[in-house]
Structure formats: structure tokens, C-alpha cells
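Just below is one structure, and these are the notes that go with it.
Each chain gets a letter, A, B and so on, in the order its sequence line appears, and its residues count up from 1. Note that these values count all heavy atoms, side chains included, but never hydrogens, waters or copies made by symmetry.
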Amino acid sequence: MYNELDKAYTPRAIEPKWATAWVEGQLFKAKAEKADRGNWSLVIPPPNVTGSLHMGHMLEHTLIDIMVRWQRMQGKNVLWLPGTDHAGIATQMVVERELAREGKTRQAMGREAFVEAVWAWKRQSGDRIKEQMMRLGASCDWSRERFTLDAGLSRAVREVFVSLYEQGLIYRGRYIVNWCPRCQTAVSDLEVTHEAVAGKLYSVRYAIASEEGQFLTVATTRPETILADVAVAVNPRDERYQRLIGREVAVPLTQRRVKVIADEIAQPEFGTGAVKITPGHDANDFAAGKRHGLEQLIIIDERGQMTEAAGAYAGLDRFAARERVVEDLDRAGLLAGVAAHPMSVGQCQRCATVIEPRISNQWFVKIAPLAEKAIGVVEGGEIRFTPENNRRIYNEWMANIHDWCISRQLWWGHQIPAWYCDRCQEVIVAREAPKLCRCGGPVRQDADVLDTWFSSGLWPFSTLGWPEKTPELEAFYPTSLLITGFDILFFWVARMIMLGVHFMGEAPFREVYIHALVRDADKQKMSKTKGNVIDPLVVTEKYGTDAVRFTLAAMAAPGTDIALSEDRMQGYAAFANKIWNAARFIFLQLERAGIAPGAQARPETVVDRWIFSRLEAVATAMDQSLGEYRFHEAADLLYQFFWREFCDWYLELSKLAEPTGNLWAAFERALRLLHPVMPFVTEELWHQLYAGKAPAASIALAAFPAPGGKRDLEAEAEIGRLQEVVTALRKLRAEAKLAPKQTAGLRVAGSSGKLDWAMVEALARVSAIERVATIAANAPLRATAGGYELQLDWGEAFDAGAERERLRKEATVLTQGVANLRAKLESASFKSKAPQAVVAETERLLAERQRQLTQAQAALDGLTGSGSAG
RNA sequence: GGGCGAUUAGCUCAGUUGGUUAGAGCGUCUGCCUUACAAGCAGAAGGUCCACGGUUCGAGCCCGUGAUCGCCCA
């Protein structure tokens, strides 16, 4: 009936089979309707199609899959919607790099051919990602897989763009933006990372017009931009410079004169208190320039090189130009000083090139009205963050948000649905491409594409068919939960909330769980350059998917980064093996006893009553832990329960009696508890436990043991006593250095609750139990456990020295404990202020400690006596 | 510059509203191939909970200051 399992579990032989079966059987297909037990949905944070999945994805997908399987096992209609993100700039860069190896450039290929090449890459990467997710056992609905450039999603993008434009929330304008000279595109504020560098602060002399030999000294970190200066600003309240306001100064190295203006941008305490104003190349100066109606001079081009307007410096790279400018200033006697100046420099998130602020025509989202509503839904409790402090971080950012630059000078992405007529300068923003302009002139589409986060911001509803009114939207929006990483809280989570609330009238998810970062064993960030990357494929192959999943879950304490080590994975591979071997043993027992699959739990013996009570306890605790996203707690619960209780005690105790259907039922229940975290080994064993006649295609469709089940505290207490007594006796045996096969006698005094002494005999290897009235306090090999006085009857000599040492130590600890407790109780304020129950408990404790101390001392005396006698 | 988090056993980490002698895994030590598992079994050792101060009858937990490390934002 039951198979005899191999002695060791080999995940490689089991996991791929189920990974394929789950997908081919379409087991996890959600129904686009409201189900009786409720619907539960989650959209995947779509991985970028830049390559394959890393350990961070594996963590994310493991946590998602645990929640998804858990919810599904509760009978809900569950949707986990998978898919990928086109990841505009990131993917374009990867493909450009690939093409460069073949000596090709996108410029030489042309836009159409290049985009086709990226699609080819996308198909490859997308397949690999799907393959990896299948191998992980991700229980998603592959029939609903989406990609951000799919036709449907592209339609949603156009709809959103045009609507926002019509509502006045998208505008185009000439502003200063973050520009990457290497990628040659604008990027948003979020795509700029700030790096601390040891910069220099240059003090430069600007000759004051019509005051021969008088200078205004200005501090700058970017002397090369002097060539684009249009003013010098001083603080209006800075008394030092009052007389200069409105006067002119000469811009060094040029023939130009500019005005001294009064503006708050100049901080009296910074440098000399006077700053140069360069609207063409600095964001703050750009704003100041607007305030004062100043000209915008451009001297650096889109590649970061000096333009013709830079005169003698034309053609130089901006950093080379900086050196030359400094030299020339020095030579002209205009360099007043150079000081070390620690500062932070904006870099391109993708390629680390120093960002160059650049004035250009770009599209923007007017963000304030959207942000306001997005703050509202979080404040109003429509969305709950875990860990909770992310809510503050979110609010802080939302409150200080700037307009979002959404146009990118790239080829891979959603082309902006705007057309220009060169004849009448009309701008046409439309859902479908216009044939001609109203004036009859030809139109050309904006060449730029949208920021990749524009489309992912629509993900929770665009994937469900919006703007159509689909049954999917009806059934699954808003989604139940979002699990994602901290790094995209602003990029993605914030934008989804803004756009979801705006277009759907409802927040896109109820709960957000922010997971930690996966680091290596030394807590270093994993990176290809450091070579410390742990490849999911390699470790799943080595330890099994279940083991890696369990490791990730066990270490996923909310808010703490994960230091992933192979030691841990090895440990949990052993756990999978333990489950396997428990099954091996159980199958042998069931086979021998002829117990058929499908037995109901009918606990009668105390052992069975106990294990089913414990199973109820674990089910309740699991429900609570998973409900609060305490994955590590859930994993620990399962580990401790299954290994320390189910195997160490239940299976050992079951050896003492003929197996019954309860053994079958208890194991079956345990498998269901383990399933969300360890899907593969549980699936395999569940089917084997049913001897191939399982009531469902998968354990994933069986019910998760419900919380709140009735406990049998009497049975738990009795087995508790058994465990205490057996453990105490084993300890005594170890002290006496008894060989495992040697059976000792046992004297028992005192009375406590029920206890099956036959079990004690078997598990502690004792026999000839003798009931006595009392056991002398100074008797050797004596212990108190489970409410009984115990003494091991072992005639032969044992290591009295070691025992004496141990007792001395114990006595010291107890003496200290007794003193502490006594002091506490003697304090008048404790008795009057502490709750009654605490006082009573302390008193009880003191009595117990005192008794233990007396016993330890008596035992010590006895030992000394016998020591001197023998 | 602003903000956030961390500091607990040799290592990696738990520790929910303050209340028994602070836990786990790995590692270490001792003894065992006990008829599922040596990837195992039984037992043991190991901690001034970063420092100082405060609140409290009582602090690993709350408050303040400092140190060290890390992260985010500008």
C-alpha cells in the first residue's frame, strides 16, 4: 500500500516533477468571480526583463508564495498575477552592452531594428524568469501573465496619459532636469543617487565694475560653469554687501558683466556669502533665474562637453574644462583660494555618471493633487504598512514631492502619445495616432518614451484589464496585499497608490509588506563586482528549493536585513530530510499494521490526545504569525513543533504501541501545516500518504488547519510531566555515565498528576520502579521533576567530582536568586505597588528556589559524605 | 545637513503590551550506528542584553545622552 521511501531525501528527484505538474495542471488559476469564501489577490512586483532572478527575488517570491498558498488553503479564490516589467532604461542599457560586443550601436541600427533586438532579449529573459519562478514553486496564475508593454497595458498607459493631460495634470515644458550625459536622457529625481565625494570649494574674484582693484569674491564647486554666469547673488539681509546690490561685476575669463542681485539663495554663512548664478546649469540657480527674469546661458551639451559658447574651452569634457578654468583663473590672479569641501554629487542610478542639470523640453506630471489623495488613503487607514514605520517614511516623502519628469530620451518603452505639427505648431495628445493636423499639415510623434515607472504605476489595474470594465477588475481590485522591497517604495509603491486612487477611486491594495534586503553571510550587499552573489539556481540545486525557501522565511524577521548563509540552508535541508524520514518511518508502521489511507483523527490514548492538541496549538499560532507577516516566527514554530515534538516525542512514543489511524491523521495534518513554506516535500509525501489516491490534485488545494481548535490541556499536562521526568532521568544517567544499554532502577516519591510509568521505563531506560515514601535530600542521583521526587538506583560508582562541581555551581546561582527574590519581597514598595498576582508569584517562586537550594546543598552534603566514605 | 534603524551566546539572529533562572539555528564539548533519519539520537558548556544616566516596586524592552555600524533623503 505504502511505498518504502529511500533512506535520504533527494530534492532533485522530486521538486522538478511537481514544479511542472503544478503549472501544467493549471491548479492555481483564479476564477474571475466573487467566491463564497472570499477573494484574495496579489500582483507580483514585476521583475525587470534585464536577465534572471536573484536572491532578492527569491525572497520576495517565497514570502508571497507562503501567503498565497496559505490564503488558498483557507478556501479563498486566490489570484497571484505574475508578469514582468520592460524596465526601459535598464533593459535598453543591457541590450546596448550586448550589441556593443558585436560592434553594433543602436544609432547605427536605427530605432526599429534596435527595438526588435530588445524584444528578442525580452523573450529570452522573460522565459528564464518564468522558468525560475516555476522552479521555486511560485503558485501563480500563469494564464494571466502580463508584460508592461503588452497591447492591453499599453492602451492603459495611453488612456492614463491622455486623461491626466486633459485634466491638466500632465504638462510639457522647458525646465532644468537631471540629465545623464552617458545615457543621454533625462532622469527623475529618484533616479539620481547622491554620493559623498571629497570636493573642492574654489573662491573666485569677480571685479567690481567701476571700482578699480575691488573684487567680490564668490565661492563655487563648479568653476567651469562660470562661463554661463548671469548674475551674482548676495543675501538681502547681508550687511556686508548692501552697497553692491544692483551694481555690476565682471565674469572672470569672459567679456561679460552681470548684475549683483539680492536673493535668499545666498546664505551669508556659506563661503563668502556671495554666490554665482548659473540658471543654465544648476537647478537652484534656474529657479533664482526665473525669480529675477535672468537669461539662461548654455555652455555644456548633452554629452557633457563644452559648447561653442564656452569659447576657448569648446570641445573639452566638463571635468577637463574645470581644470583648465581653474588654471586660467589662477594665472589671471582671480583665484582667491581652494579649500577641501566634502560634498555629495548626484550620479546616474544606472551608470554612476555624474548628473548634469540640463535645460530641455520634457513632460511632467503635476504631482501635488495626486499626492494629496495618496496621503489621504494611508492616513485614513485604507492601506496598512508592515513594518509600520514605513508609513512615516512614505508620508514624509509624499509631503515633499516634486513634479515628476516622465519623458525619457530612450527607444525602449511606451512612446509618448503626443504629436507635433511643424506647420502650425499644434500639439496633439491623443489615444490614437492622428493622420493629419487640423491645419492639414503632417504630424510627427514625440520621439521620447515614458519613464518605466509610469506603466508599472498602473500595474494593479492595468493587468486586470482596465480601462475595460472586466470581471477581473470586479473580482480582484483592490488587491489584498503587496509584498515588495524598500528600494522601490517611492519609485513604485507611492506611484501605484497615487495613480490607483486617482483612476480607480480606491487604493490599489489593503496591505503593504516591505521585506528586507538579502545580504551575504558577512552582511555585505550582494553584487556581481564583489563576486559574493548567491545564485538561486545554484543553491536550490544544492540544498533543494524547500530548504532555501525555509531559510529565507526563517530569517525574514520584519525590518531586519537577511544575512544569508549556506550553513542555514544546510540545516533546513536536514529538516526536509527529517520530514522525509518521519514519513519513511510512518509508512513502515502503517504498512505493517495494515492501516489504510484516509483515517480520521480519533484520539483516545493520552499520546494521541496530546499530539492533536499540539497540532491545534500550532495551527492557531501559525495563523497569528502569518497574519502579522512574522514569517520567521511561523518557520520557527514549524521547525520546533515538527522536529522537537512530533519526531522526538510523538514518533518515539508511538513505537511503544500498535499504530492506529491517528498516526496517519496526525502526519497528514502536519504536512498541511508545513505546506505553504515547504511545498515540494509536503506535496510528494501527501500523495504517498494517500497511496496515490489523494482527494485532490494537490495538497495546495487541501484545507489549512483552522485556528482556534480545542486544546486538550489535560493531555498536554500529562505528556509535559512525562517529558520532564524522562529528561531529568536522562540527565542523571549522563551524570552517572551510564551506557545507553544499561538499565537502571528508579525510586519515586511524592505524587503528582497522572503519568504512564511504562513510557518512562521505555524512554529513560529504567526498570524496577520502586515507590517510596520519601527520598533523602542528600541521596545521590536524585532529581525533582514533573512533581515527583526521583532517584536513579545505580549501585556502581559514578563521577562524584563532576557532580559536586555541578551542584556547587547550581547552589551559587540559586543562592543569588533567593537573595534577589527575598530583597524584592522585603521591599515595602514592591508589596504595595506591584499587582497582587505578581507578588503571589514571586512568593511562590522564592519558596521553590529555596527548596531547590536546600536540596542542592543536601545533595552536596551527601556527596561529600559518600565521597569521604568511599 | 535632516531622518530612520541596529548593537543580545564563538557566528547569524529571535525576544508581541515592562514581571519566573533571556531563547533558536549553526558551531563547540561528552556519550551513543537505541529496529525512520549519523543530514541522526541523548546530554552539556557558553550571555555584566554597547556605555552612562533616568522613569518604575520591577527595564533586554520605556525616556535621555554618548559611542560604533548601517540605511534613506537633501
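Both A/Glu848 and A/Ile393 lie near RNA chain B, and the one whose nearest nucleotide falls closer to the 5' end is A/Ile393. When each of A/Ala574 and A/Ser829 is assigned the nucleotide of RNA chain B with its nearest heavy atom, A/Ala574 is the one assigned upstream, toward the 5' end.
B/C11 sits 33 Å from B/G64 when the C1' atoms are compared, rounded to a whole Å. As rounded to the nearest Å, B/C4 and B/U65 have P atoms that lie 12 Å from one another. With P as the reference atom, B/G19 and B/C72 are 34 Å apart, rounded to whole Å. On the C1' atoms, B/G31 is 14 Å away from B/A38, given to the nearest whole Å. Between the P atoms of B/G23 and B/A45, the separation comes to 13 Å (whole Å). Atom name C1', nucleotides B/U55 and B/G18: the rounded distance is 12 Å, in whole Å. Taking atom P on both B/A6 and B/U16, the two are 12 Å apart, rounded to the nearest angstrom. When the C1' atom is used for both B/G15 and B/A24, the distance is 10 Å, rounded to whole Å.
Distance from the side chain of A/Val838 is smallest to B/G19 among B/A36, B/G19, B/G15. When the nucleotides B/U12, B/U21, B/A36 are ranked by their closest atom to the side chain of A/Lys578, B/A36 comes out on top. Nearest nucleotide to the side chain of A/Arg392, out of B/G3, B/U20, B/A36: B/G3. Counting only heavy atoms from C-beta on, A/Gln640 has its side chain closest to B/G25 among B/G19, B/G25, B/C37. Distance from the side chain of A/Arg849 is smallest for B/U20 among the nucleotides B/U20, B/G15, B/U12. Taking the side chain of A/Phe486 as heavy atoms from C-beta on, and the options B/A42, B/C72, B/A36, the nearest nucleotide is B/C72. Side-chain proximity of A/Ser344 to B/U20, B/A74, B/G43: nearest is B/A74. The A/Met555 side chain lies nearest to B/U12 when the options are B/A42, B/G25, B/U12. Nearest nucleotide to the A/Phe490 side chain, out of B/C37, B/U21, B/C72: B/C72. Distance from the side chain of A/Leu651 is smallest to B/A36 among B/G43, B/G19, B/A36.
Other residues, nucleotides and ligands contribute at most 12 non-hydrogen atoms within 6.0 Å of the CZ atom of A/Arg392. Atom CZ of A/Arg844 is surrounded by more than 12 heavy atoms from other residues, nucleotides or ligands within 6.0 Å.
A/Arg733 has no side-chain polar atom (N or O) that falls below the 4.0 Å cut-off from OP1 or OP2 of B/A42. Distances shorter than 4.0 Å separate none of the side-chain N or O atoms of A/Lys741 from OP1 or OP2 on B/C41. Here A/His194 reaches the OP1 or OP2 of B/A74: one of its side-chain N or O atoms lies under 4.0 Å away. Taking only side-chain nitrogens and oxygens, A/Trp643 comes nearer than 4.0 Å to OP1 or OP2 of B/C41. For the OP1/OP2 pair of B/G43 and a distance below 4.0 Å, the side-chain nitrogens and oxygens of A/Lys731 include no atom meeting the criterion.
In this model, no donor atom of one side chain and acceptor atom of the other lie less than 3.5 Å apart for A/Gln624 and A/Glu628. Donor-acceptor pairing under 3.5 Å is recorded for the side chains of A/Thr545 and A/Glu15. Neither side chain, A/Thr727 nor A/Glu724, offers a donor N or O lying under 3.5 Å from an acceptor on the other.
Rounded to a whole Å, the CG atom of A/Asn389 is 12 Å from the C1' atom of B/A6. Here B/U20 presents its P atom at 20 Å from CZ of A/Arg822, a figure rounded to the nearest Å. When the P atom of B/C37 is taken as reference, atom CD of A/Glu652 falls 11 Å away, rounded to whole Å. Separating the CD1 atom of A/Ile401 from the P atom of B/C72 is a distance of 19 Å, rounded to the nearest angstrom. When the C1' atom of B/U20 is taken as reference, atom CZ of A/Phe830 falls 12 Å away, rounded to whole Å. Rounded to a whole Å, the CZ atom of A/Arg765 is 14 Å from the P atom of B/G43. In this entry the distance linking CG of A/Asp636 with P of B/U16 reads 14 Å, nearest Å. We find that CG of A/Leu825 is positioned 14 Å from P of B/G58, with the value rounded to whole Å.
In this entry B/C52 has B/G64 as its Watson-Crick or G-U wobble partner, both defining distances falling under 3.5 Å. Figure legend. B/G5 is base-paired to B/C69; pairs are counted as Watson-Crick or G-U wobble with both atom distances under 3.5 Å. When both distances must be under 3.5 Å, the Watson-Crick or G-U wobble mate of B/A22 does not exist. Pairing partner, B/U28: B/A44, with both Watson-Crick or wobble hydrogen-bond distances short of 3.5 Å.
Donor-acceptor pairing under 3.5 Å, judged by distance alone, is absent between the side chain of A/Lys7 and the base of B/A38.
Among the atoms of the strands shown, none is found under 4.0 Å from any heavy atom of A/Arg592. Note on A/Thr842: nothing from the nucleic acid sits closer than 4.0 angstrom, heavy atoms only. In this structure, A/Asp567 reaches the sugar-phosphate backbone alone: every heavy-atom distance under 4.0 Å involves primed, P, OP1 or OP2 atoms, never a base. Heavy atoms of A/Arg568 sit under 4.0 angstrom from at least one base atom. The residue A/Tyr572 sits apart from the nucleic acid: no heavy atom pair falls under 4.0 Å. A/Gln852 comes within 4.0 angstrom of a nucleotide base, judged by non-hydrogen atoms across all strands.
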Discussion item. Does A/Lys542 form a salt bridge (Lys or Arg N to Asp or Glu O under 4.0 Å) with A/Glu566? I'd like the steps, not just the answer.
Written reply: CA-CA 10 Å; A/Lys542 198 165 164 190; A/Glu566 293 209 18; 3.0 Å; yes
Practice prompt. Might you work through the side chain to side chain contact (heavy atoms under 4.5 Å, CB included) test for A/Glu191 and A/Phe491, ending with a clear yes or no?
Written response: CA-CA 9 Å; A/Glu191 289 162 280; A/Phe491 278 110; 3.8 Å; yes
Discussion item. A/Arg851 vs A/Glu848, test: salt bridge (Lys or Arg N to Asp or Glu O under 4.0 Å). Steps then yes/no.
Written reply: CA-CA 5 Å; A/Arg851 198 168 47 88; A/Glu848 189 181 320; 5.1 Å; no
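Taking the six-membered ring wherever Trp is involved, the centroid distance between the rings of A/Tyr9 and A/Phe680 does not fall below 6.0 Å.
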